[in-house]
Amino acid sequence: MVFTHLTQTHLELLDRCPRRLQYTYLDQLTAPVDPTVLERQEWGKQVHRVLQQYQFGLPPQPLLDQQPDLKAAVEGVLTAAPQLFPSPGGDPGRCLSEHQRTWFEQGYGFTVVYDLLRLTPTQAEIIDWKTYQHPPSLGQLRRHWQTRLYCYGLVATSDWLPEQITMTYWFIPPDPAATGARPRCLRIPYSQVEHQRTQGELQRLCQRLATLQAQANDFPQVSPETGECQRCPFAWRCQRQAQEQAWSLPAIADIPEVALASESA
């Protein structure tokens with residue numbers, strides 16, 4: 001198996017530890033998953049599906065009535081950002097739900113799937129729903145490959161200029177009825193400078209991956225000094241940690257998003 005199509009998750013792992021990328025996708029090795037992580041992923045899938053149905057004007061009321069915590073979370077989003085959902089007299093055609101873009105660069109295919117793409121005559125806003133309990137900082141979001149690739153991909157596949165694009169993350173807290181927490185958003189404007197920087201980084205990583213795939217050796221390991229091995233499920237395989245000590249709950253940034261059925265990335 002070789003890489004022909006890349007997502008932001010591939011780029012993140014290639015940037016952080018090529019060996020972990022190899023183990024995960026080329027060797028298709030698996031590691032134990034904490035039940036709590038699975039519960040968070042299922043919660044995220046439900047929130048995404050319900051918000052998508054609201055976009056289509058088909059709120060799943062029976063499901064919401066059965067799950068008060070889910071209902072409270074979704075209603076919090078509807079209250080905080082009513083402009084993102086269809087309303088009487090509104091123009092729902094300006095919002096594209098689960099919108100996919102694909103392009104090719106440096107010999108690799110790239111696909112991004114936007115939870116929501118909101119278009120006006122002068123601006124394009126990429127909306128992404130997150131269900132993290134503890135949202136990352138604005139600086140972390142700016143550096144994350146999802147932010148960079150999603151903005152870059154919209155420029156690469158349209159006539160939009162970088163300065164016309166914004167990436168908005170909406171963080172939806174779990175169990176808001178009990179905690180009183182409300183959804184909040186972080187907006188990250190794009191620019192020509194950031195676009196050129198992302199293009200350079202993208203070319204660098206693609207060239208590196210092509211070089212690694214042309215060799216018969218294992219992908220290189222990350223340096224232990226980076227601290228990546230401490231939360232990696234393959235630390236024991238790399239002889240960086242005893243097997244009985246290798247597993248621990250991963251950092252939230254290490255938990256991959258579960259794609260909806262409509263996604264092909």
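Index from 1, following the sequence.
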Quiz item: If you measure from the Lys or Arg side-chain nitrogens to the Asp or Glu carboxylate oxygens, is any gap between K130 and D128 under 4.0 Å?
Solution: yes
[X] and [Y]: which non-hydrogen atoms are nearest, and at how many Å?
X	Y	answer
R187	C185	NH1-SG, 3.3 Å
S97	Q52	OG-CG, 3.5 Å
L186	P136	CD1-O, 4.2 Å
A235	C229	CB-O, 3.4 Å
C206	F110	SG-CZ, 3.7 Å
L149	Q8	CD2-N, 3.7 Å

To the nearest 0.5 Å, what is the distance between [atom1] on [X] and [atom2] on [Y]?
X	Y	atom1	atom2	value
E98	L117	CD	CG	11.5 Å
L6	L209	CG	CG	6.0 Å
E194	C151	CD	SG	8.0 Å
T198	L11	OG1	CG	10.5 Å
H144	E12	NE2	CD	4.0 Å
L212	L26	CG	CG	10.0 Å

Are the side chains of [X] and [Y] in touch, meaning some heavy atoms are under 4.5 Å apart?
X	Y	answer
I172	V47	yes
T7	W145	no
P86	Q55	yes
I188	L141	yes
R197	R148	no
R20	P233	yes
I127	M167	no
E163	P189	no

[Y] and [X] side chains, donor-acceptor separation under 3.5 Å:
X	Y	result
R101	H99	yes
T166	E125	no
S223	E225	yes

Quiz prompt | Partner set under side chain to side chain contact (heavy atoms under 4.5 Å, CB included) for R204, not counting sequence neighbours | solution = D15, E201
Tell me whether [Y] is reachable from [X] by hopping between hydrophobic residues (I, L, V, M, F, W, Y) whose side-chain heavy atoms are closer than 4.5 Å.
X	Y	answer
F234	V222	no
F104	L205	no
I126	W103	yes
F56	F85	no
Y54	L70	yes

Closer than 3.5 angstrom, by distance alone: can the side chain of [X] be matched with the main-chain N or O of [Y] as a donor-acceptor pair?
X	Y	answer
R118	C95	no
Q164	L161	yes
E42	E39	no

Self-check item: Check: F3 ring centroid to H10 ring centroid under 6.0 Å
Solution: yes
Quiz prompt | Working for ring pair (Phe, Tyr, Trp, His ring centres under 6.0 Å), residues Y114 and Y150 | solution = CA-CA 8 Å; Y114 303 126; Y150 276 33; 5.2 Å; yes
Quiz prompt | side-chain contact (heavy atoms from CB on, under 4.5 Å) evaluation trace for Q203 with Q199 | solution = CA-CA 6 Å; Q203 292 174 350; Q199 185 176 48; 3.7 Å; yes
Quiz item: Going through the distances and angles, do Q67 and Q46 end up as a side-chain contact (heavy atoms from CB on, under 4.5 Å)?
Solution: CA-CA 11 Å; Q67 299 189 42; Q46 288 184 332; 3.2 Å; yes
Exercise. Hey, can you tell me if F171 and Y169 have their rings parallel, tilted or perpendicular (30° and 60° cut-offs)?
Key: parallel
Self-check item: Pairs involving residues 182-201, ordered by first then second residue, that meet ring-ring contact (aromatic ring centres under 6.0 Å, His included) (sequence neighbours left out)
Solution: Y152-H195, Y190-H195
Quiz item: If you draw the axis of the six-membered ring of Y23, does the NZ or CZ of R237 fall within 45° of it and under 6.0 Å from the ring centre?
Solution: yes
Practice problem: Determine, stepwise, if the pair T9 / Y25 fulfils side-chain contact (heavy atoms from CB on, under 4.5 Å). | Solution: CA-CA 11 Å; T9 305; Y25 291 100; 3.2 Å; yes
Exercise. Given side-chain contact (heavy atoms from CB on, under 4.5 Å), test L96 with L116 step by step and report yes or no.
Key: CA-CA 6 Å; L96 305 176; L116 195 64; 6.0 Å; no
